[in-house]
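To start, the structure itself, in structure tokens.
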Amino acid sequence: MLTLPAPAKLNLMLHILGRRADGYHELQTLFQFLDHADELTFNLRDDGEIHLHAQLPGVDHEHNLIVRAARLLQRHSGTRLGADIHLHKRLPMGGGLGGGSSDAATTLLGLDHLWQLRLERTTLAGLGLSLGADVPVFVHGHAAFAEGVGERLTPVEPEEPWYLVLVPQVSVSTAEIFSDPLLTRDSPAIKVRSVLERGGRNDCQPVVEKRYEEVRNALILLNNFVSARLTGTGGCVFGAFPNKPEADRVLDQLSVSLPGFVAKGSNVSMLHRKLEALS
Ligand SMILES: C[C@](O)(CO)[C@H](O)COP(=O)(O)OP(=O)(O)OC[C@H]1O[C@@H](n2ccc(N)nc2=O)[C@H](O)[C@@H]1O
Ligand SMILES: Nc1ncnc2c1ncn2[C@@H]1O[C@H](COP(=O)(O)OP(=O)(O)OP(=O)(O)O)[C@@H](O)[C@H]1O
């Protein structure tokens, strides 16, 4: 039995540079992980079956990214082994925290370990990219500046503050935000150094604020205490604090209005810290 975390990510900034012929967007984004995670447990099966013992609203078994990742790895490796997989879901779906992508990455790394495949990280990241643009960063497990459609990664070491994340009760479809005619797609490319020194913005934020009153309100609430921003295509919003007690104090005041949580930012994902301890 193997139990592994599938941590959340934040997009500390997200600039949209353009749109490719296939509809995907060229972007620049800064990823950092949170010490807040789903939990997956893998048990070996020798009959080649993949069974996920969890039901997510609106996602059937074969479409769950965990099952898709497991089958992809089976096909790629030719293994005759299978797995029973249990999921403890903590990350909100459609929250911009990358929960589905992170579950997929943890499945690729977890089953690679359980099935003793010893594939290269770059191979697993390549398989992951076919499941979603955010999967490779979770496979590599280091905070990164991402370019292209999100697959070209440069490892970075931003500060690791405590974050307060508010969870508006909406599920935002990434495809819906990327297809909005009001989305600006003309941000100039910038250098990673400039992002680390001066930060950036989230180009999706104005579109998401316009479409979702709940997100607008969450930003107003959090902006009373700290500079608040949307992660990914939302709907979660976050602010940074120098220590946990300050973040907890603000959460105490805001939790009457909205659910949220406090978590440490980390440049090495919880998943990779756990895998390191196993080897
Ligand atoms: C915006 C981010 O959340 C930033 O972290 C991600 O790049 C989105 O990653 P993801 O959820 O893994 O996205 P995918 O499942 O690959 O794509 C969902 C949908 O978002 C749009 N999409 C996604 C990534 C990208 N660079 N351009 C896009 O236009 C496409 O319409 C796609 O159909
Ligand atoms: N294991 C899974 N966990 C969550 N969502 C899943 C999973 N498998 C498939 N999905 C589908 O993927 C969609 C996106 O889920 P996810 O939690 O990754 O959203 P997100 O945090 O907004 O992602 P991102 O920031 O990458 O856009 C869900 O609405 C769901 O339909």
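In listed order, ligands and their atoms are each counted from 1. Computed from a predicted structure; not experimentally measured.
In terms of protein heavy-atom proximity, atom 22 (N) of ligand 1 is closest to Phe178 CD1, 3.4 Å. When only non-hydrogen protein atoms are considered, atom 18 (O) of ligand 2 lies nearest to Gly100 N, 2.8 Å. Among all non-hydrogen protein atoms, the one lying nearest atom 15 (O) of ligand 1 is Gly132 CA, 4.1 Å. With hydrogens left out, the protein atom closest to atom 29 (O) of ligand 1 is His25 ND1, 2.8 Å, a heavy atom. Counting only heavy atoms of the protein, atom 27 (O) of ligand 2 lies nearest to Thr174 OG1, 2.7 Å. Counting only heavy atoms of the protein, atom 20 (P) of ligand 2 lies nearest to Gly96 N, 3.4 Å. For atom 17 (O) of ligand 1, the closest non-hydrogen atom on the protein side is Tyr24 OH, 3.4 Å. Looking at atom 4 (C) of ligand 1, its nearest protein heavy atom turns out to be Asn11 ND2, 3.4 Å.
Annotation for Glu49: atom CD counts as buried by contact number, over 12 foreign heavy atoms lying within 6.0 Å. Within a 6.0 Å radius of CD in Glu120, other residues, nucleotides and ligands contribute 12 heavy atoms or fewer.
Contacts with ligand 2 closer than 4.0 Å are made by heavy atoms of both the backbone and the side chain of Leu65. At a 4.0 Å heavy-atom cut-off, ligand 2 touches Leu56 through the side chain alone. Only side-chain heavy atoms of Leu27 come within less than 4.0 Å of ligand 1; its backbone N, CA, C and O stay farther off.
Nearest-heavy-atom check against atom 11 (C) of ligand 2 across Val59, Leu52, Val172, Thr233 picks out Val59. Remark: among candidates Gly128, Ser102, Ala104, Ala175, the nearest residue to atom 19 (C) of ligand 1 is Ala175, based on non-hydrogen atoms. Taking only non-hydrogen atoms, the option from Gly98, Gly23, Ala133 nearest to atom 12 (O) of ligand 1 is Ala133. Of the candidates Asp134, Leu131, Thr174, Asp134 brings a heavy atom nearest to atom 7 (O) of ligand 1. The option with the heavy atom closest to atom 3 (N) of ligand 2, from among Lys89, Lys9, His63, Met93, is Lys89.
Interatomic distance, OH of Tyr163 versus OG of Ser266, reported as 9.5 Å (0.5 Å rounding). Atom CG of Leu109 sits about 9.5 Å away from atom NE2 of His140, to the nearest 0.5 Å. Leu119 CG to Leu73 CG: the interatomic distance, rounded to the nearest 0.5 Å, is 6.0 Å.
If you number the atoms of ligand 2 from 1 as listed, the ones under 4.0 Å from a heavy atom of Asp103 come out as 1 (N), 2 (C), 3 (N). Less than 4.0 angstrom separates some heavy atom of Val149 from each of these atoms of ligand 1: 26 (N). The contact set between ligand 2 and Gly94, taken as ligand atoms under 4.0 Å from a residue heavy atom, comprises 15 (O), 16 (P), 17 (O), 19 (O), 20 (P), 22 (O). The atoms of ligand 1 that sit less than 4.0 Å from any heavy atom of Phe31 are 5 (O). Numbered from 1 in the order shown, with element, the atoms of ligand 2 that lie under 4.0 Å from a heavy atom of Asp134 read 24 (P), 25 (O), 26 (O).
Taking distance alone, with nitrogen or oxygen atoms compared against 3.5 Å, Ser171 stays at or beyond that limit from ligand 2. Here's the thing with Leu97: one of its N/O atoms is less than 3.5 angstrom from an N/O atom of ligand 2. Looking at ligand 2, you'll find an N or O of Gly98 within less than 3.5 Å of one of its N or O atoms.
Looking at Asn243 and Glu246, their side chains do bring a donor and an acceptor atom within 3.5 Å of each other. Side-chain contact annotation: His142 with Glu157, donor-acceptor N/O pair under 3.5 Å present. With no hydrogens or angles considered, no side-chain donor-acceptor pair links Arg20 and His25 at under 3.5 Å. When only modelled atom types and interatomic distance are considered, Arg68 and Thr107 share no side-chain donor-acceptor pair under 3.5 Å.
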In sequence, state the C-alpha distance, the side-chain angles, and the governing distance for Leu131 and Leu72, and then conclude on side-chain contact (heavy atoms from CB on, under 4.5 Å). CA-CA 9 Å; Leu131 299 171; Leu72 189 62; 3.9 Å; yes

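A salt bridge links Asp103 with Lys89: the distance from a Lys NZ or Arg NE/NH1/NH2 to an Asp or Glu carboxylate oxygen falls below 4.0 Å. A salt bridge does not link Arg19 to Asp186: none of the charged side-chain nitrogens sits closer than 4.0 Å to a carboxylate oxygen. Checked for salt-bridge contact, Arg211 and Asp180 meet the test: a charged N lies under 4.0 Å from a carboxylate O.
In terms of heavy-atom proximity, Pro168 sits nearest to Ala218 at CG-CB, 3.8 Å. Residues Thr233 and Val208 approach most closely at O-CG2, 3.5 Å, considering heavy atoms.
Within the structure, ligand 2 lacks Gly232 among the residues with a heavy atom less than 4.0 angstrom away. Using 4.0 Å as the threshold, Thr29 has no heavy atom nearer than that to any atom of ligand 1. Using a 4.0 Å cutoff on heavy atoms, Ser101 counts as a contact of ligand 1. Look at Lys9 and you'll find a heavy atom under 4.0 Å from some atom of ligand 1.
Within the 4.0 Å cut-off (strictly below), a protein heavy atom is located near atom 9 (C) of ligand 2.
Ring planes of His53 and His86: parallel class, angle under 30° (limits at 30 and 60°). Below 30°, between 30° and 60°, or above 60°: for His36 and Phe261 the angle between ring planes is below 30°, a parallel geometry.
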